[in-house]
Amino acid sequence: MATINPQLPLSGLARRLVLDRLLTEQDAVSAYEQALKTKVPFVSYLVQNNLADPRQIAWSASQEFGVPLFDIKVMEMDMAPLKLVKEKLIRQHHALPLFKRGARLYVAVSDPTNLLGLDEIKFQTGLTTSAVLVEEDRLSAAIEKALDAQTDTMGDLADTDLDNLEISGGDEDLVGDDDAISSAVDDTPVVRYVNKVLLDAINKGASDIHFEPYEKTFRIRFRQDGMLTEVAAPPVALSNRLISRIKVMSRMDIAERRVPQDGRIKMKLSRNRAIDFRVNTCPTLFGEKVVLRILDPSSAQVGIEKLGFEEEQRKHFEEALEKPYGMILVTGPTGSGKTVSLYTGLNMLNKPHRNISTAEDPVEINVAGINQVNVNPKTGLTFAEALRAFLRQDPDIIMVGEIRDLETAEIAVKAAQTGHLVLSTLHTNDAPQTLVRLAQMGIPPYNIASAVVLIMAQRLARRLCDQCKKPVNLPKEVLLEEGFKEAEIPSLTVFGPVGCPTCDNKGYKGRVGIFQVMPVGDEIEQIILDGGNAMQIAAIGKKLGYSDLRNSGLKKVRDGLIGLDELNRVTKD
């Protein structure tokens with residue numbers, strides 16, 4: 001056991017950690033002073049800054065102070081008396097009430113010397129408090145989960161915003177039986193709960209909301225920065241009422257539960273801002289799953305400088321948009337930001353002297369000055385039919401949501417060859433494969449070569465939080481294998497995620513695009529005419545200096561915008 005300099009101001013847990021050689025004297029003093037200065041509990045500060053292992057801290061504290069060590073993972077937090085203690089005290093003192101026995105309240109802490117916190121909880125509750133020791137990282141996770149669940153309960157919805165919302169889309173002209181309608185509309189707690197979920201999703205920047213019923217559970221998940229995370233688990237008995245409420249809001253037939261339905265909700269947040277939700281239901285074994293896509297018009301107003309283009313890529317894209325005719329194709333998987341890229345281009349082109357028409361399935365973003373058409377195959381309004389109609393309406397610019405079949409492709413190519421600028425999407429992995437895909441659909445090579453002016457493949461990667469990202473030490477061999485050049489490795493710094501309050505402890509904040517921008521010039525046209533394959537086109541693109549997706553992503557890693565793990569997630573086959 002180590003000895004301590006008697007002149008150092010150490011006592012309690014900090015002293016014990018030094019004696020157990022978990023901290024040096026200087027680190028302990030510095031951490032203690034910083035924790036006081038930042039008003040963060042001492043143990044929390046140690047764990048957040050990776051100064052000591054939370055399990056070793058808990059063991060030392062248990063031995064020193066005789067407080068029992070408890071595995072909080074075995075605790076059913078639904079039974080915890082959370083409402084006895086104010087949320088402010090729980091967060092301030094990092095103390096979580098676990099259970100109550102008579103007049104005694106057992107409180108989980110990671111630092112048993114925090115007597116002030118225990119006394120404040122005792123004063124607020126009027127109960128005798130006893131500390132139970134829990135490892136810091138597990139306690140932090142339990143507090144966040146418990147408080148999130150408490151926030152999501154029906155009785156605690158007091159947000160004044162909920163009373164000022166204007167929602168249209170389904171409270172009139174309802175279809176279904178009277179009892180179901182009455183239940184769905186008049187159940188005020190359910191109404192407020194659904195409104196709060198929608199608001200939370202908007203505030204957290206989610207792109208989708210999933211309501212998912214299972215046999216014994218019901219969960220709600222948000223897709224944030226491309227990843228799904230569970231945010232609430234309401235009682236399964238409420239699942240039908242919550243889903244009925246959403247169906248009422250989106251003007252669906254609430255009596256029909258056997259077939260999928262589509263609907264739409266408009267939520268007016270203020271005089272100048274409204275959010276649309278595209279709603280879809282799908283029957284599952286234990287009820288209807290509902291997914292809402294959040295359609296925020298402000299996402300279409302993103303400037304081209306914020307998309308993530310390299311300077312040369314941006315220049316190629318802007319030059320293609322300035323052409324009077326031709327086809328610009330954007331490719332990538334679902335959720336890779338193709339729509340935002342297309343609308344960024346359309347907003348640049350949206351001038352009073354231009355006639356712009358779009359055909360989409362469905363229209364996701366409403367933009368003034370652009371004629372937008374919802375494709376509806378059930379009524380015969382296909383992409384091909386919409387395109388034919390556009391060509392009879394004196395268009396300058398046409399946007400086709402997706403080229404899915406030969407008929408649509410032929411009309412789009414013909415429009416691009418006859419004096420119109422056509423923007424569209426295809427589902428392929430990269431830019432060279434897009435040209436080959438058109439040929440496979442049946443478009444003659446000479447038409448492809450003469451019509452297509454630019455192809456852009458893209459992915460969306462989660463951007464590292466600037467406040468908490470940290471350097472990651474990786475062996476030289478790993479970096480070389482990932483694609484970095486040996487000459488750049490000595491000066492290369494690769495960052496990874498950490499997590500802080502700024503990014504909700506995820507380590508990521510927002511997303512950035514990774515692009516492969518390939519203008520179709522003379523050399524690529526010749527390969528198309530010769531019936532070349534994607535590998536030949538890719539080789540010419542590399543020769544001409546056009547970065548592929550992987551190299552564009554490596555540039556983002558070099559710049560510290562994304563981590564290597566995230567790059568591999570979105571670009572590795």
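Owing to the predicted nature of the structure, the values given are computational and were not obtained by experimental measurement.
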(request) Evaluate the criterion side-chain contact (heavy atoms from CB on, under 4.5 Å) for residue pair Val279 and Ile265; output intermediate values, then yes/no. (result) CA-CA 7 Å; Val279 188; Ile265 299 170; 3.8 Å; yes
(message) Please tell me whether Asn355 and Asp394 have a donor and an acceptor in their side chains that are separated by less than 3.5 angstrom.
(response) no
(request) Would you check if Asp548 and Asp430 make a side-chain contact, meaning some heavy-atom pair closer than 4.5 Å? (result) no
(request) Tell me, yes or no, whether the heavy-atom count around Phe286 atom CZ, taken from other residues, nucleotides or ligands under 6.0 Å, exceeds 12. (result) yes
(message) Any carboxylate oxygen within less than 4.0 angstrom of a Lys/Arg side-chain nitrogen, looking at Arg293 and Asp208?
(response) yes
(message) Check this for me: Lys414, atom NZ, are more than 12 non-hydrogen atoms of other residues, nucleotides or ligands nearer than 6.0 Å?
(response) no
(request) Could you check Val197 against Leu199 for side-chain contact (heavy atoms from CB on, under 4.5 Å), going step by step and ending with a plain yes or no? (result) CA-CA 5 Å; Val197 170; Leu199 269 181; over 6 Å; no
(message) Closer than 4.0 angstrom, basic N to acidic O: yes or no for Lys338 and Glu402?
(response) no
(message) Contact between Val422 and Tyr325 at the side-chain level, heavy atoms closer than 4.5 Å - yes or no?
(response) no
(message) Whether the side chain of Gln224 engages the backbone of Thr229 through a donor-acceptor N/O pair (distance < 3.5 Å, no angle test) should be reported.
(response) no
(message) Between Asn350 (side chain only) and Leu346 (backbone N and O only), is there a donor and an acceptor less than 3.5 Å apart?
(response) no
(request) Compare every heavy atom of Arg569 with every heavy atom of Asp225, then report the nearest pair and how far apart it is. (result) O-NH2, 4.5 Å
(message) If we check side chain to side chain contact (heavy atoms under 4.5 Å, CB included) with His316, which of these qualifies: Glu312, Arg314, Gln313?
(response) Glu312
(message) Which heavy atom of Gly563 sits nearest to which heavy atom of Leu464, and what is that distance?
(response) N-CD1, 3.7 Å
(request) Before accepting this row, confirm whether a basic side-chain N of the pair Arg221/Glu230 lies closer than 4.0 Å to the acidic partner's carboxylate O. (result) no
(request) Determine yes or no for a side-chain-to-main-chain donor-acceptor pair under 3.5 angstrom, with Glu407 supplying the side chain and Ala384 the backbone. (result) no
(message) Using 0.5 Å steps for rounding, measure from the OG1 atom of Thr281 to the CD atom of Glu256.
(response) 8.5 Å
(request) Check each of Asn429, Thr425, Thr428 against Thr331 using the side chain to side chain donor-acceptor pair (under 3.5 Å) test, and report the only one that passes. (result) Thr428
(request) Indicate yes or no for a side-chain donor-acceptor contact from Lys556 to the backbone of Val512 under 3.5 Å, with no hydrogens or angles considered. (result) no
(request) Give the intermediate values and the outcome of salt bridge (charged side-chain N to carboxylate O under 4.0 Å, His left out) for residues Glu482 and Arg550. (result) CA-CA 9 Å; Glu482 293 291 352; Arg550 183 72 185 174; 2.5 Å; yes
(message) Check whether Asn376 reaches the backbone of Lys378 with its side chain - one donor and one acceptor, N or O, closer than 3.5 Å.
(response) yes
(request) Take Glu360 and Gln372 through the side-chain contact (heavy atoms from CB on, under 4.5 Å) test and state the conclusion after the steps. (result) CA-CA 8 Å; Glu360 302 167 73; Gln372 298 170 282; 3.7 Å; yes
(message) Check Asp276 with Lys266, please: is the shortest side-chain N to carboxylate O separation under 4.0 Å?
(response) yes
(message) To the closest 0.5 Å, what do you measure between CG (Asn551) and NZ (Lys542)?
(response) 7.0 Å
(request) Using modelled atom types only, decide if a donor and an acceptor are shared between the side chain of Asn280 and the backbone of Asp262 within a distance under 3.5 Å. (result) no
(message) Regarding Asp200 and Asn203, do their side chains bring together a donor and an acceptor under 3.5 Å, going by distance alone?
(response) no
(request) Report the C-alpha distance between Phe515 and Phe309 in whole Å, list the side-chain angles of each, state the deciding distance to 0.1 Å, and finish with yes or no for ring pair (Phe, Tyr, Trp, His ring centres under 6.0 Å). (result) CA-CA 7 Å; Phe515 297 93; Phe309 284 117; 4.1 Å; yes
(request) Check whether any side-chain N or O of His210 sits under 3.5 Å from a backbone N or O of Val291 as a donor-acceptor pair, and report yes or no. (result) no
(message) Ignoring hydrogens, what is the shortest heavy-atom contact between Cys503 and Gly499? Give both atom names and the distance.
(response) SG-CA, 3.8 Å
(message) Are Leu423 and Ile397 packed together at the side-chain level, in the sense that at least one heavy-atom pair is separated by less than 4.5 angstrom?
(response) yes
(message) If the threshold is 4.0 Å, N to carboxylate O, is there a salt bridge linking Asp466 and Lys509?
(response) no
(request) Decide whether Ser552 and Glu310 meet the rule of one side-chain donor and one side-chain acceptor closer than 3.5 Å. (result) no
(message) In the structure I gave you, are the side-chain heavy atoms of Ile356 and Asn371 within less than 4.5 Å of one another anywhere?
(response) no
(request) Output yes when a side-chain donor or acceptor of Thr217 lies under 3.5 Å from a complementary backbone atom of Pro213, and no otherwise. (result) no
(request) Identify the two heavy atoms, one from Val413 and one from Ala451, that lie closest to each other, and give their separation to 0.1 Å. (result) CG1-CB, 3.8 Å
(request) Evaluate the side-chain proximity of Thr358 to Val373: yes if any heavy-atom separation is below 4.5 Å, no if none is. (result) no
(request) Determine, for Glu288 against Arg258, whether the closest basic-nitrogen to carboxylate-oxygen distance falls under 4.0 angstrom. (result) no
(request) Drop me the distance from Ser341's OG to Phe317's CZ, to the nearest 0.5 angstrom. (result) 6.5 Å
(request) In sequence, state the C-alpha distance, the side-chain angles, and the governing distance for Val520 and Glu525, and then conclude on side-chain contact (heavy atoms from CB on, under 4.5 Å). (result) CA-CA 6 Å; Val520 180; Glu525 283 181 12; 3.8 Å; yes
(request) Could you tell me the separation between the CG atom of Leu329 and the CD1 atom of Ile455, rounded to the nearest 0.5 Å? (result) 5.5 Å
(request) Compute whether any side-chain donor of one residue and acceptor of the other, for Tyr214 and Arg219, lie under 3.5 angstrom apart. (result) yes
(request) Verify whether one side chain among Asp405 and Thr408 offers a donor that lies under 3.5 Å from an acceptor in the other. (result) yes
(request) Report the distance from atom CD1 of Ile527 to atom CD1 of Ile540, rounding to the nearest 0.5 Å. (result) 4.0 Å
(request) Could you verify whether a donor N or O on one side chain and an acceptor N or O on the other, from Gln417 and Asn447, lie under 3.5 Å apart? (result) yes
(message) Within the structure provided, determine whether Tyr446 and Leu529 are in side-chain contact (heavy-atom separation under 4.5 Å).
(response) yes
(request) Drop me the distance from Leu292's CG to Arg223's CZ, to the nearest 0.5 angstrom. (result) 13.5 Å
(message) Taking atom CG as the centre, does Asp522 end up with more than 12 heavy-atom neighbours from other residues, nucleotides or ligands that are less than 6.0 angstrom away?
(response) no
(message) Do Leu198 and Ile209 have side chains that approach each other closer than 4.5 Å (heavy atoms only, starting at C-beta)?
(response) yes
(message) Please find the pair of heavy atoms, one from Pro432 and one from Ala534, that lie closest to each other, and give the distance.
(response) CB-O, 3.4 Å
(request) Using a strict 4.0 Å threshold on nitrogen-to-oxygen distance, state whether Asp361 and Arg404 make a salt bridge. (result) yes
(message) Salt bridge or not between Glu566 and Arg511? Use side-chain N to carboxylate O under 4.0 Å.
(response) no
(message) For the backbone of Ser336 and the side chain of Gln458, can you confirm whether one donor and one acceptor N or O come within less than 3.5 Å of each other?
(response) yes
(message) Ignoring hydrogens, what is the shortest heavy-atom contact between Tyr193 and Ile220? Give both atom names and the distance.
(response) OH-CD1, 3.7 Å
(request) Check whether any side-chain N or O of Arg354 sits under 3.5 Å from a backbone N or O of Leu349 as a donor-acceptor pair, and report yes or no. (result) yes
(message) Less than 4.0 angstrom from a charged side-chain N to a carboxylate O is my criterion; do Lys555 and Asp559 meet it?
(response) yes
(request) Taking the side chain as every heavy atom from C-beta outward, state whether Phe222 and Lys204 have any atom pair closer than 4.5 Å. (result) yes
